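Owing to the predicted nature of the structure, the values given are computational and were not obtained by experimental measurement.
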Amino acid sequence: MIAGLAVLGLGAAPSPTAPLVLAAASLQESLNAAADQWARAGHPRPVISFAASSALARQIEAGAPADLFVSADEEWMDLLATRRLIAAGTRADLVGNRLVVVEPAGRRTAVPLNGARLARLLGAGPLAMADPDSVPAGKYGKAALTKLGAWDAVAPRVVRAENVRAALTLVECGAAPFGIVYLTDARASSKVRIAGIFPVASHPPIVYPIARIASSTNPEGEGFRRFLLSPRGRAIFARFGFAAPGRAR
């Protein structure tokens, strides 16, 4: 009997392995909720590492053994694509977002989103932003402030955070009177309020592309990617305030 069981054991299919997902920091609540739902369907729960898209893209360049990458902008995904680090035919636009100015919840400032008045208000600083040289939220913020004629006045007072959630934290704890984050970040925190929403035309469209990493051989990674892009997956992101890509609101 023991010998027979041993033979059966040798023929058993290996248990599926949880995929490793590298994702933009602003996706924390929504992507964790999606991972929970995927796990409830009988799959191993994905392991998710959140950080600035720039930092994650560099990890992938360095050979990080990940299965999926979800960026908060197209440029970092483009970089990986040019270096053939994402699997052909797996890139797709997942969700969209909006850009907002936040302040601590106890305040009630009406932020004028036009040149001179905006420059005076935010230029008094400090202004919390993700690093505008590399992190998507910071790059979108710099583009918006430049378009509105306020960047030159604001730039010296910017506190550069490593990612958008770090910028949000600076406003939550009162270290900065204002911050520029995504709409979904503001909605995720009870410690801040939205003081203004940037016009859609003031910055490039905010698009989160997803792709499978070229070196990935885990079928669970591809399965989870397809789930996120399905109507059920997109409904989860909509609950957290994300828009369909290309449909800002």
Least distance between heavy atoms, Leu183 atom then Gly241 atom: CD2-O, 4.3 Å
Are Leu145 and Met129 side-chain neighbours, meaning at least one heavy-atom pair lies under 4.5 Å? yes
Test item: Ser216 side-chain N/O and Ile213 main-chain N/O as donor-acceptor pair under 3.5 Å: no
Any Lys/Arg nitrogen of Glu29 or Arg187 sitting under 4.0 Å from an Asp/Glu carboxylate oxygen of the other? no
Is there a side-chain contact between Leu68 and Pro19 (heavy atoms, below 4.5 Å)? no
Name of the residue among Pro205, Pro204, Ser54, Pro136 meeting side chain to side chain contact (heavy atoms under 4.5 Å, CB included) with Asp73: Pro136
Validation row: Asp131, Glu162 side chains within 4.5 angstrom (heavy atoms): no
Using a cut-off of 6.0 Å, state whether more than 12 heavy atoms not belonging to Arg107 lie near its atom CZ. yes
Hydrophobic cluster membership, Val192 vs Val159, 4.5 Å side-chain cutoff: no
Approximate separation, where rounding is to 0.5 Å, of Ser71 OG and Leu56 CG: 8.5 Å
Is there a chain of hydrophobic side chains (I, L, V, M, F, W, Y, each step under 4.5 Å between heavy atoms) that links Phe240 to Ile194? yes
Minimum heavy-atom distance Leu94-Arg234, with the two atoms named: O-NH1, 2.5 Å
Least distance between heavy atoms, Lys142 atom then Trp151 atom: CE-NE1, 3.6 Å
Whether the side chain of Trp76 engages the backbone of Ala55 through a donor-acceptor N/O pair (distance < 3.5 Å, no angle test) should be reported. no
Hey, does Gln28 have a side-chain heavy atom less than 4.5 Å from the side chain of Asp185? no
Got a second to check how far Leu168's CG is from Cys173's SG, nearest 0.5 Å? 10.0 Å
Which atom pair, heavy atoms only, marks the closest approach of Arg165 to Ser26? NH2-O, 3.6 Å
Determine, using the 4.5 Å side-chain heavy-atom cutoff (strictly less than), whether Ile60 and Val70 are members of one ILVMFWY cluster. no
Could Arg157 and Phe178 be counted as a cation-pi pair, given that NZ or CZ must be under 6.0 Å from the ring centre and within 45° of the axis? no
Would you say the side-chain atoms of Thr17 and Asn218 include a donor-acceptor pair closer than 3.5 Å? no
Counting distance only, does the side-chain N/O of Glu103 pair as donor-acceptor with the main-chain N or O of Thr109 below 3.5 Å? yes
Would you check if Val171 and Pro104 make a side-chain contact, meaning some heavy-atom pair closer than 4.5 Å? yes
Enter the distance from Asp93:CG to Arg91:CZ here, rounded to the nearest 0.5 Å. 7.0 Å
So how far is it from Thr146 OG1 to Asp152 CG, rounded to the nearest 0.5 Å? 7.5 Å
Under-4.0 Å salt bridge between Arg212 and Asp67: no
Ile236 versus Ala34, closest heavy-atom pair with distance: CD1-CA, 3.7 Å
Within the side chain of Thr184, is there an N or O that forms a donor-acceptor pair under 3.5 Å with the backbone of Phe242? no
Working to the nearest 0.5 angstrom, can you tell me the gap between Arg98 CZ and Ile197 CD1? 5.5 Å
Can you tell me which residue among Leu31, Val47, Leu27, Leu228 is in a side chain to side chain contact (heavy atoms under 4.5 Å, CB included) with Val21? Leu31
Do Tyr182 and Leu99 have side chains that get closer than 4.5 Å, going by heavy atoms? yes
In terms of relative ring orientation, are His43 and Trp38 parallel, tilted or perpendicular, with 30° and 60° separating the classes? parallel
Arg108 side-chain N/O to Ala105 backbone N/O, donor-acceptor pair under 3.5 Å: yes
Look up atom CZ in Arg226 and atom OG1 in Thr90, then write down how far apart they are to the nearest 0.5 Å. 9.5 Å
Grouping I, L, V, M, F, W and Y whenever their side-chain heavy atoms are under 4.5 Å apart, do Leu20 and Tyr208 come out in a common cluster? no
Could you walk me through whether Leu127 and Ile180 pass side-chain contact (heavy atoms from CB on, under 4.5 Å), step by step? CA-CA 8 Å; Leu127 173 67; Ile180 295 178; 4.1 Å; yes
Hey, are the side chains of Asp133 and Arg160 touching, using non-hydrogen atoms and a 4.5 Å cut-off? yes
Do Tyr140 and Phe198 have their ring centres less than 6.0 Å from each other? no
Taking Arg239 for the side chain and Ser30 for the main chain, is one N or O donor matched with an acceptor at less than 3.5 Å? no
In one Ile/Leu/Val/Met/Phe/Trp/Tyr side-chain cluster, 4.5 Å: Val101, Ile206: yes
Give a yes or no on whether Gln59 atom CD has more than 12 heavy-atom contacts from other residues, nucleotides or ligands under 6.0 Å away. yes
Looking only at atom types and distance, does a side-chain atom of Arg225 sit under 3.5 Å from a main-chain N or O of Phe69, one as donor and one as acceptor? no
If you compare all heavy atoms of Leu80 against all heavy atoms of Ala57, which two are closest, and at what distance to 0.1 Å? CD2-O, 3.7 Å
